[in-house]
Each structure stands twice: as structure tokens, then as C-alpha cells.
Amino acid sequence: MVEEVKVRIGDTTLRDGEQTAGVVFSAREKIAIARHLDAMGVHELECGIPAMGEEERASIRALVDLGLSARLITWNRAVIPDIEASLACGVEAVDISLSVSDIMIEHKINKTREWVKEQLKRALDFAKAKGLYVCVGGEDASRADGDFLIELLSIARAHGADRFRFCDTLGVLEPFGMYEKVARLTAAVPELEIEVHTHNDLGLATANALAGVRGGARCISTTVNGLGERAGNAALEEVVMALKVACGIDVGIDTRRFRGVSRLVGRASNREVPAWKAVVGEKVFAHESGLHADGVLKDPRNYEVFAPEEVGLTRHIVAGKHSGTNGIVESYRQIGIPISREEAQELMEKVRSTAQRIKGPLAPRDLLKLHEGRAVSLAA
Ligand SMILES: CC(=O)SCCNC(=O)CCNC(=O)[C@H](O)C(C)(C)COP(=O)(O)OP(=O)(O)OC[C@H]1O[C@@H](n2cnc3c(N)ncnc32)[C@H](O)[C@@H]1OP(=O)(O)O
Ligand SMILES: O=C(O)CCC(=O)C(=O)O
């Protein structure tokens, strides 16, 4: 029997997403985003950094007060005051982060590997004594020495950690490397669950997250729209749909809400979602090219990897420069004008030249004008 792979999503839109340079969520927006993600069935929400100050702590307390089903987890440096600040917010789970690559140990926190091990023990013992669920965040794990990582995971396990977060902080890995590194850790310390936190600097965040699962990770860190530091994080909607469609893994999230949460976060972050954004872009189910429109009209599975309704979107047949007869018939049908294939063939040349002139698709009023034998003006 094939083992059913269970993967959980830990969404960090409210922490790493908000760390995008220049992005700020209001407390009200944080609540709306958290409610939306919770209603979709997202398993865990990384919801802020209590060490930042009283305003941040108040917004985290407000999230705790919502009594969501999702686990709320906060981000902390491996220092006791950060964990105390989290406790003061009422959360029951913490991510305790330590830089684990030599470059960051030596050139960022100015410490030694020995210090990292001892600090991990101190912070972990403190958090576990307080009854917290603890994920140990390995910042820059992808550039860390493999043997040192195994040593850290063993310490983390021995001191009661519940999970280790393998961070590709700079987004430097490719999927094969990601697979090998995570597989090595899961083989060495199988009792400790691994989460993968991937960044998109090379456009590989989603691919690397999936490779992590192939390597044995059972939790994926995501953000809505792929918001996050620099080029962003693995996008929630991409990860969930790729797991479902390409890997046959259903994480139990209501994907029909993806469009809604995507627009909510787009507005709150003031980062508009590109029309071609994978999974949630407004135009990813728009078909103009003659052969594509024809294929989709005969059976959407010809050119759609999943149905638009699955993610809250709708299909559009667009009349434009690359249209063919069947697409044009459909475009006229949609505006209540039934035309024959012959009529569509006659109109095709005009549709093409109009699209060329206006440098875009034809709106319903343009189609109407062409049908009435009138020209479409640029200003129309
Ligand atoms: C990869 C990531 O995304 S990790 C998450 C990072 N997120 C953020 O930085 C956003 C919020 N950050 C903040 O509000 C502030 O940076 C705070 C509250 C965390 C810290 O503020 P400050 O005390 O003023 O320190 P500052 O930001 O200038 O520098 C960070 C300090 O933390 C130390 N530090 C960094 N990471 C860690 C860690 N994982 N564990 C312990 N100490 C750490 C640094 O060495 C530095 O210490 P130093 O001043 O003794 O050299
Ligand atoms: O250390 C962590 O838990 C997460 C840090 C992070 O956001 C990153 O490494 O990209």
C-alpha cells in the first residue's frame, strides 16, 4: 500500500509577508487575513514578532482572542526576552530562530557554532518548560554545514523541539539540492518533523518547497501571493495547487477562496497581483489564441490544468489579434449576438486589424460596432 503523505501549511503572510520592504498591515487587516486563512483550513499562521513592541503584541493578542482553529505561532530570536514577549501575547507556539550557516554565525551574529548550540538549548529549555509548542527556525540552513545541521537537529530533538524549520533564506537552492539536503536530515533525525521555508530569489520557491516534501518535510511555509522578503516566499496558492495537481497531495484547504484571499492581501499590502500570476492572476484562464479557444470550448481540459472555479476564478474567451473562428463565435454569443461560422470568418480580419490598432483585446462594444459594420475608434 502506498503511504498517504500528509502535509500541513504554515502560512507566514502575517510575519514574513509583512517583512516585505515597505509593507504594513493594520491590526484590522491582520484580523481579516487571519480569519480568511483560518476559514480556508490553513493549519498554522505565523502571526508576528512580539519582540517588536507593544503595538505588535496588541495585534497578536487580538488574533489570539479570535479563537481560530489554526495554530498561531510567533517568530522569536533565540533569546529569553523574545520568548517572554510571546508568552505575554497568549500564544501557545513559538518559532525560535537561530542563524545556522557559518557565514551568518561569524559575520552576522558574530558568534561561534558552540554559542549557537548552547543558545539553542537555553532558549528551547525555557520555552518547553513554559509548555510551548516549539519550531526551531534554522535561518540560512541551506548554506549551513550538513553535519552541523544534523548535530543541531539532534540537540533540538533531545531538548523537546517539535519541529525544525529548514530555511532557504536567500533562495539559493534548486530542487535537486533541496531534496538531497532535506532527505539527509530526515534520515538522520527521523523523529523531528521538518518544515521547509523557501524564498523566491531565483524563482524556485514553490519548486523547492515541493522538493522538500519529496525529501520528507511535512510542513510548508507559504505566503499569500508569494509576498515576503525581497523576491518573496513560496506562494500559498501555488504550493497547494501544485501539491494537488502535480503531486496528488490534498492538504485539505478550501482552494475556492484563493482569489478572495489573494485580492485581500494584494490590497492590504499595496502590491497588486499581476494578471498572469500563477493560480490567482485575473487572466490565467483567459484564452484568445484560435486553437486554444477552440480546444477549451470543446473541452476545458485541453488547455486548463484545473477548473477556474477551483480557485475562485472564471474563464474568459477573449477576442483579439490571435482569435480564430470558433472563439469569435463564442465572443459574440457571450454578448447575445448569435453568428454563424461564416460570419465569424468574415469578421476575423476586422477583429485582427482592430486588435492590432488598439493594441489589445476587443471589448463587447467594439465587437458590436464591427458587427454593425462600424469602425472602432482608438478613443472609444
Ligand atoms: C530571515 C528572517 O526573516 S528572520 C526575521 C527578521 N525579522 C525582523 O527583523 C523584523 C522585526 N525586527 C525587529 O523589530 C528588530 O530587528 C528586533 C526587535 C528583532 C531586534 O531589534 P534590535 O534589538 O534593535 O536589534 P537589530 O535589529 O539592530 O539587530 C539584531 C540583533 O539581534 C541579533 N540576532 C539576530 N538574529 C538572532 C537570533 N536568531 N538569535 C539571537 N540573536 C539574534 C543580532 O546579532 C543583533 O545583535 P547585536 O545588536 O548584539 O549585534
Ligand atoms: O528562522 C526562521 O524561523 C525563519 C527565518 C526566515 O524567515 C528566513 O530564513 O527566511
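Residues take their numbers from the sequence shown, with the count starting at 1. Atoms within a ligand are numbered from 1 in the order they appear, just like the ligands themselves.
- Looking at heavy atoms from C-beta onward, I220 lies out of side-chain contact with E195 at the 4.5 angstrom threshold.
- Using a 4.0 Å cut-off between charged side-chain N and carboxylate O, E44 and R163 make a salt bridge.
- Taking 4.0 Å as the cut-off between side-chain N and carboxylate O, R77 and D95 do not count as a salt-bridged pair.
- The shortest contact between atom 1 (C) of ligand 1 and any protein heavy atom is with E139 OE2, 3.1 Å.
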Discussion item. Under the criterion ring-ring contact (aromatic ring centres under 6.0 Å, His included), I'd like the reasoning laid out for Y303 against F285: C-alpha separation, chi angles, the key distance, then a yes or no.
Written reply: CA-CA 9 Å; Y303 282 105; F285 289 96; over 10 Å; no
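- Within a 4.0 Å radius of atom 48 (P) of ligand 1, the protein contributes no heavy atom.
- Nearest protein neighbour of atom 4 (S) of ligand 1, counting heavy atoms only, is W75 CZ2, 3.3 Å.
- Between K30 and E56 there is a salt bridge, since at least one side-chain N of the basic residue sits less than 4.0 Å from a carboxylate O of the acidic one.
- At least one donor-acceptor pair closer than 3.5 Å links the side chain of R357 to the backbone N or O of V376.
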Pairs under 3.5 Å, N/O atoms on ligand 2 and on the protein: can you put them in a table with the distances?
unit_1   : atom_1 : unit_2 : atom_2 : d
ligand 2 : 1 (O)  : S97    : OG     : 2.6
ligand 2 : 3 (O)  : D95    : OD1    : 2.7
ligand 2 : 3 (O)  : D95    : OD2    : 3.2
ligand 2 : 3 (O)  : R165   : NH1    : 2.9
ligand 2 : 7 (O)  : R15    : NH1    : 3.3
ligand 2 : 7 (O)  : R15    : NH2    : 2.9
ligand 2 : 7 (O)  : D16    : OD2    : 3.1
ligand 2 : 7 (O)  : H197   : NE2    : 3.1
ligand 2 : 9 (O)  : T169   : OG1    : 2.6
ligand 2 : 10 (O) : H197   : NE2    : 3.0
ligand 2 : 10 (O) : H199   : NE2    : 2.9

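- No more than 12 heavy atoms of other residues, nucleotides or ligands lie within 6.0 Å of CZ in R35, so this atom counts as exposed by the packing criterion.
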Anything under 3.5 Å between a donor and an acceptor, one on a side chain of residues 202-217, the other on a protein residue two or more places apart or in another chain? List them.
unit_1 : atom_1 : unit_2 : atom_2 : d
T206   : OG1    : E238   : OE1    : 2.7
N208   : ND2    : L173   : O      : 2.9
N208   : ND2    : L204   : O      : 3.3

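- Judged by distance alone, with hydrogens and angles left aside, the side-chain atoms of E174 form a donor-acceptor pair with the main-chain N or O of F176 at under 3.5 Å.
- Under 4.0 angstrom from ligand 1, there are no non-hydrogen atoms of Q119.
- Near A51, with a cut-off below 4.0 Å to any heavy atom, the atoms of ligand 1 are 18 (C).
- Among protein heavy atoms, atom 25 (O) of ligand 1 sits closest to R77 NH1, 4.4 Å.
- By the criterion of a heavy-atom distance under 4.0 Å, neither the backbone nor the side chain of E18 is placed next to ligand 1.
- Within a 4.0 Å radius of atom 29 (O) of ligand 1, the protein contributes no non-hydrogen atoms.
- Within a 4.0 Å radius of atom 23 (O) of ligand 1, the protein has at least one heavy atom.
- Taking a cutoff of 4.0 Å between a charged side-chain nitrogen and a carboxylate oxygen, E304 and R315 qualify as a salt bridge.
- For R15, the heavy-atom gap to ligand 1 drops under 4.0 angstrom.
- Regarding atom 3 (O) of ligand 1, its nearest protein heavy-atom neighbour is Q19 NE2, 2.9 Å.
- For the pair R61 and E54, the salt-bridge criterion is met [side-chain N within less than 4.0 Å of a carboxylate O].
- Under 4.0 Å is where a charged nitrogen must lie from a carboxylate oxygen, and between E282 and R259 at least one such pair does.
- The closest approach between I49 and ligand 1 falls below 4.0 Å for a heavy atom of the residue.
- Ligand 1 has no nitrogen or oxygen under 3.5 angstrom from a nitrogen or oxygen of D16.
- Atom NZ of K321 has 12 or fewer heavy atoms from other residues, nucleotides or ligands within 6.0 Å.
- Backbone and side-chain nitrogen or oxygen atoms of S97 are examined, and one is located within less than 3.5 angstrom of a nitrogen or oxygen of ligand 1.
- Per-atom contact check: atom 40 (N) of ligand 1 touches the protein, criterion being a heavy-atom distance below 4.0 Å.
- Every atom of ligand 1 with a heavy atom of L98 under 4.0 Å away is listed here by number and element: 39 (N).
- Residues V136 and A156 come closest through the heavy atom pair CG2-CB, 4.1 Å.
- Ion pairing between K369 and D366 fails under the 4.0 Å rule for side-chain N and carboxylate O.
- Residue M52 holds the heavy atom nearest to atom 14 (O) of ligand 1 of all those in K108, M104, M52, H199.
- Using modelled atom types, one side-chain atom of N110 and one backbone atom of E106 make a donor-acceptor pair closer than 3.5 Å.
- Contacts between I109 and ligand 1 below 4.0 angstrom, taking non-hydrogen atoms only, involve backbone and side chain alike.
- Side-chain contact annotation: N76 with S86, donor-acceptor N/O pair under 3.5 Å present.
- Contact annotation for atom 10 (C) of ligand 1: protein present (non-hydrogen atoms, distance under 4.0 Å).
- Closer than 4.0 Å to atom 16 (O) of ligand 1 lies none of the heavy atoms of the protein.
- The protein reaches atom 32 (O) of ligand 1 closely, with a heavy atom under 4.0 angstrom from it.
- Within ligand 1, the atoms closer than 4.0 Å to a non-hydrogen atom of A78 are 40 (N), 41 (C), numbered from 1 in the order shown.
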